[in-house]
Amino acid sequence: MSKLFIVANLKSNKNEDEAKTWLETFKKITLNQEIISDKEVIISPSFIHLNLFRDFILQNNLPVKLAAQNSSPFGEGPHTGEVNAKQIKDYADYVLVGHPERRNNFNESEELLFKKTDAAIAQGLNCIYCVQGEDSKIPAGIKLIAYEPVFAIGSGNPDTPENADTIAKNYLDINDEYLILYGGSVTSQNVANFTKKENIKGVLVGGASLDSEEFIKIIENA
Ligand code: PGA
């Protein structure tokens with residue numbers, strides 16, 4: 001059985017002082033290794049804080065991994081403003097691809113997401129490929145899929161665990177090697193309703209992960 005994936009997506013939040021405060025509080029997680037030993041905990045800060053997070057995790061021996069929130073469809077070269085997969089690999093093991101906020105606010109097409117996926121996999125990054133429903137095509141090489149219905153993101157109105165489980169099952173019918181996560185208004189109060197479902201292997205947490213005490217509770221309760 002795979003570990004349960006618990007992902008904090010900090011989105012475009014926190015300046016450096018706030019990121020340091022988040023980490024100092026999150027450090028308490030090491031007081032109770034039990035709660036984390038059967039979980040793959042992944043934190044996805046802004047690009048600008050990946051260095052800070054990586055160094056803090058190494059210095060404090062925190063049992064967590066990092067994810068970038070985005071990565072370039074291009075490799076190295078004249079692509080002003082882009083951060084490419086080779087650069088990310090120095091800091092993170094994972095990358096989010098196709099988050100609904102990128103698909104919808106930046107018009108990221110499926111074609112572009114496939115290119116980003118290929119570029120990330122070529123550098124050895126693990127993609128967490130986000131989908132909004134059950135009819136998205138999944139690029140080759142993807143193992144982790146996050147089902148993130150738009151109505152549930154940041155709304156306080158999560159999908160039902162039953163529906164999320166059905167959507168997960170439908171993806172598993174296509175490929176039983178997939179690991180399906182759920183994202184959208186997950187909190188410490190509702191996380192277990194999702195993670196106890198047969199076909200859901202973890203959660204992606206946005207708003208509730210901004211407070212690292214609450215994120216620790218989510219890890220505990222999952
Ligand atoms: P939310 O965001 O937990 O704030 O709903 C989830 C996500 O966008 O990954």
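All ligand and atom numbering here is 1-based and tracks the order in the structure.
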- Message: I need the atoms of ligand 1 closer than 4.0 Å to a non-hydrogen atom of G206, numbered in the order shown.
- Response: 1 (P), 2 (O), 3 (O), 4 (O), 6 (C)
- Check the angle between the aromatic planes of Y94 and F5 and answer parallel, tilted or perpendicular using the 30° and 60° thresholds. perpendicular
- Query: Is there a heavy atom in A208 that sits closer than 4.0 Å to ligand 1?
  - Reply: no
- Task: Let me know which of I6, L210, T25 forms a side chain to side chain contact (heavy atoms under 4.5 Å, CB included) with F215.
- Result: I6
- Message: Is it the case that ligand 1 has an N or O less than 3.5 angstrom from some N or O of S155?
- Response: no
- Message: Can a side-chain donor-acceptor contact be found between N199 and D165 if the only test is distance below 3.5 angstrom?
- Response: yes
- Task: State the atoms of ligand 1, each with its element, that fall below the 4.0 Å cut-off from a heavy-atom position in I153.
- Result: 2 (O), 5 (O), 8 (O)
- Message: Using a plain distance cutoff, I'd like to know if G154 has any nitrogen or oxygen under 3.5 Å from a nitrogen or oxygen of ligand 1.
- Response: yes
- Under 4.0 Å from one or more heavy atoms of G207, ligand 1 contributes atoms 1 (P), 3 (O), 4 (O)
- Near H99, which atoms of ligand 1 are under 4.0 Å from a heavy atom of that residue? 7 (C), 8 (O), 9 (O)
- For a side chain to side chain contact (heavy atoms under 4.5 Å, CB included) with I43, tell me which candidate from L50, V64, N9 qualifies. V64
- Side-chain contact test, heavy atoms from C-beta onward, threshold under 4.5 Å: evaluate it for N70 versus V95 and give yes or no. no
- Task: Flag the pair E148 / V131 as yes when at least one side-chain heavy-atom distance between them is below 4.5 Å, and no otherwise.
- Result: no
- Please could you name the atoms of ligand 1 that E148 approaches to less than 4.0 Å, counting only its heavy atoms? 7 (C), 8 (O), 9 (O)
- Provide the number and element of each atom of ligand 1 under 4.0 Å from a heavy atom of L204. 9 (O)
- For atom 2 (O) of ligand 1, what's the nearest protein heavy atom and its distance? K11 NZ, 3.2 Å
- Any idea which atoms of ligand 1 are less than 4.0 Å away from a heavy-atom of A152? 5 (O)
- With side chains defined as the heavy atoms from C-beta onward, is the minimum distance between V83 and S72 less than 4.5 Å? no
- Message: Regarding ligand 1, does G183 bring an N or O atom to under 3.5 Å of one of the ligand's N or O atoms?
- Response: no
- Close side-chain approach of H99 to I153, heavy-atom, < 4.5 Å: yes
